[in-house]
Amino acid sequence: MKPQNEVLSGIGTTIFTVMSALANQHGAVNLGQGFPDYDGPADVIHAAAAALLDGRNQYPPMSGVPELRQAVAHHNKRFYGIEADPNAEVVVTSGATEAITACLMAVLNPGDECVLIEPLYDTYLPVVRLLGAIPKLVRLSPPEWALPRAELAAAFGPKTKALLLNSPMNPTGKVFTEEELRFIAGLLEQHDCYAICDEVYEHLTFDGAKHIPLMTLPGMRERCMRVGSAGKTFSLTGWKIGYITADRSIAPNVTKAHQNLTFTTAPNLQRGVAVGLMKDDAYFAGLSTHLQAKRDKLGAGLAQLGFDVLPTKGSYFITTDFRPLGFNGDDVAFCRTLTEEAKVTAIPVTAFYASEDAPSHYARFAFCKGDAVIDEALTRMESWLSKRRG
Ligand code: PMP
Ligand code: GLN
């Protein structure tokens, strides 16, 4: 048989699925894959359930039901002052994963260069490669995850078409500062590039850290495709509803990419999310307060156990350095052993790097879990560690 697609043949099953399967196999508390173990807001769920029963179950409009496009536009204005035309500048997709792919498809041609920042979410690189574009990787270094400005500037050149930016960032919990965003904006203008902005954790920020969409900076309105996810904003990761805000000059190509990926997205879930995006400010503020308490609980517990806990300003995740525990092995071995022996699952951070030379002593823990589940995970790790210390 002739060889199949070389990009897909060259990658494995996503680490999140692999680790969740391992967690199930060993009866482990799953702090690996980032999904809440609690339900989203009842009014949003009821709205989606009720929407199934009023006869709008055929193909919805390609760019999204009007209620949701209007709600996305309203949300942009309410939180960030972004004016977007719901009829020409909003596209609804089946999850942020599809949204990011659609945005990359909208602008990249084979041979174009696309700047990516490591550590990076696991779909970015394969999609850039599938499009025949050339990834240019720039690495943030722990524990600060500061932006290496000279390296970033050097990654841009005459062939650069786009940058993909994730803030708040998975797995680091970094929230890019206004200064860093200004620097990035300068490069985008200088090199006449687009930006795909993965902002799925926009409402999950802590300690007063403020998420600033790159799109709100001077000159960026026309260059940025801003991606949100109902999965994260409403703790409903299984719904897979994403939304893109992009200038009217880019949105048509984004819509055509969506047309060729999925064409439309379940109408009742879109209508539920429309109700969600119109919820009062207290809901959005409560989301981060609630999660911040969980971050603090898990972070304090992990530090108590001896992990070096890196700071997290946003997202569902804490990154830890496990070397102080005296574990001799890399992150993959650590996460496997932790699952098999302690019955707690985490994600090896090397999964977020493209090459072999990645730092291999970090494990990522998700804290979007019930308090009893976090406590149980900590208790299990404590008894595992005391046995090892024997
Ligand atoms: N981007 C990042 C950084 C993520 O962590 C995730 C995880 N879900 C996604 C995109 C995908 O979001 P969705 O589930 O809406 O496809
Ligand atoms: N975004 C989630 C995480 O980082 C996982 C999503 C997935 O399983 N594909 O854990």
Side-chain angles (χ1 to χ4, degrees), residues 11-24 30-37 40 64 68 72 91-104 116-128 140 145 164-176 195-205 211 213 225-244 258 261-262 265-266 269-270 272-273 276-277 291 298 312-319 335 345-353 362-369:
I11 60 174
T13 301
T14 168
I15 190 69
F16 309 114
T17 297
V18 169
M19 294 312 290
S20 283
L22 200 66
N24 283 340
N30 190 356
L31 304 186
Q33 193 175 23
F35 60 89
D37 63 359
L68 181 51
V72 170
V91 185
V92 177
T93 58
S94 298
T97 308
E98 190 207 337
I100 294 159
T101 298
C103 293
L104 290 166
L116 302 172
I117 299 178
E118 278 186 320
L120 79 182
Y121 189 58
D122 72 341
T123 67
Y124 298 172
L125 198 57
V127 172
V128 167
L140 306 182
W145 308 110
L164 205 172
L165 182 71
N166 175 214
S167 181
M169 192 180 188
N170 176 8
T172 63
K174 176 184 171 74
V175 178
F176 281 71
I196 295 97
C197 303
D198 178 348
E199 302 181 7
V200 300
Y201 299 105
E202 61 186 321
H203 290 293
L204 313 185
T205 59
H211 167 63
M225 289 156 263
R226 195 179 98 74
V227 174
S229 166
K232 307 294 154 32
T233 297
F234 302 106
S235 310
L236 295 164
T237 60
W239 280 23
K240 299 295 291 184
I241 302 288
Y243 24 91
I244 302 155
H258 172 60
L261 285 165
T262 57
T265 296
L269 298 179
Q270 293 195 51
V273 174
L277 286 174
L291 267 173
L298 182 63
T312 278
K313 293 283 183 200
S315 82
Y316 281 154
F317 310 111
I318 285 180
T319 300
C335 292
T345 297
I347 299 287
V349 171
T350 48
F352 296 83
Y353 286 85
Y362 292 103
R364 188 198 80 173
F365 291 87
F367 50 80
C368 45
K369 306 290 170 182

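Ligands are counted one by one from 1 in listed order, and the atoms in each one are counted from 1 as well. Just so it is clear, the structure is predicted and the values come from calculations on it, not from any experiment.
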Atoms of ligand 1, numbered as shown, that sit under 4.0 Å from any heavy atom of [X]:
| X | result |
| --- | --- |
| V200 | 1 (N), 2 (C), 4 (C), 10 (C) |
| N166 | 3 (C) |
| S229 | 13 (P), 15 (O) |
| G95 | 15 (O), 16 (O) |

Using a 4.0 Å heavy-atom threshold (strictly under), name the region of [X] that reaches ligand 2: side chain, backbone, both or neither.
| X | answer |
| --- | --- |
| R364 | side chain |
| F317 | side chain |
| N170 | side chain |

Tell me: protein heavy atom nearest [atom], and distance?
| atom | value |
| --- | --- |
| atom 12 (O) of ligand 1 | A96 CB, 3.4 Å |
| atom 1 (N) of ligand 2 | Y121 OH, 3.2 Å |
| atom 10 (C) of ligand 1 | D198 OD2, 3.5 Å |
| atom 11 (C) of ligand 1 | T97 OG1, 3.3 Å |
| atom 8 (O) of ligand 2 | Q33 NE2, 2.6 Å |

Item checked: Set of residues satisfying salt bridge (charged side-chain N to carboxylate O under 4.0 Å, His left out) with respect to K313, sequence neighbours excluded -> D207
Next item on the list: Look only at interatomic distance and state if K240 has a nitrogen or oxygen under 3.5 Å from any nitrogen or oxygen of ligand 1.
Entry: yes
Next item on the list: Please say whether Y201 places an N or O atom under 3.5 Å from an N or O atom belonging to ligand 1.
Entry: yes
Please check: side-chain N/O of [X] versus main-chain N/O of [Y], any donor-acceptor pairing under 3.5 Å?
| X | Y | answer |
| --- | --- | --- |
| H211 | V175 | no |
| N166 | D198 | yes |
| S229 | A96 | no |
| T93 | G95 | yes |

Next item on the list: Could you tell me if the ring centre of Y201 sits under 6.0 Å from that of Y316?
Entry: yes
Notebook entry, point to check: What distance do L116 atom CG and Y121 atom OH have between them, rounded to the nearest 0.5 Å?
Noted result: 14.5 Å
Check: Checking side chain to side chain donor-acceptor pair (under 3.5 Å) against R364, which of T319, T172, N170 comes through?
Finding: N170
Note to self: If I compare all heavy atoms of C335 with all of P348, which pair ends up nearest, and what's the gap?
What the structure shows: SG-N, 3.4 Å
Next item on the list: Record the part of M169 in heavy-atom contact with ligand 1 below 4.0 Å; permitted values are side chain, backbone, both and neither.
Entry: neither
Next item on the list: Would you mind checking if E202 and K232 are paired as a salt bridge, meaning a charged N to carboxylate O distance below 4.0 Å?
Entry: no
Margin query: Using heavy atoms and a 4.0 Å limit, tell me yes or no: is Y316 in contact with ligand 1?
Written below: no
Item checked: Contact with ligand 1 for K232, non-hydrogen, under 4.0 angstrom -> yes
Notebook entry, point to check: Side chains of Q270 and T265: is there a donor and an acceptor less than 3.5 Å apart?
Noted result: no
Next item on the list: Using distance alone, decide if ligand 2 has a nitrogen or oxygen within less than 3.5 Å of any nitrogen or oxygen in G34.
Entry: yes
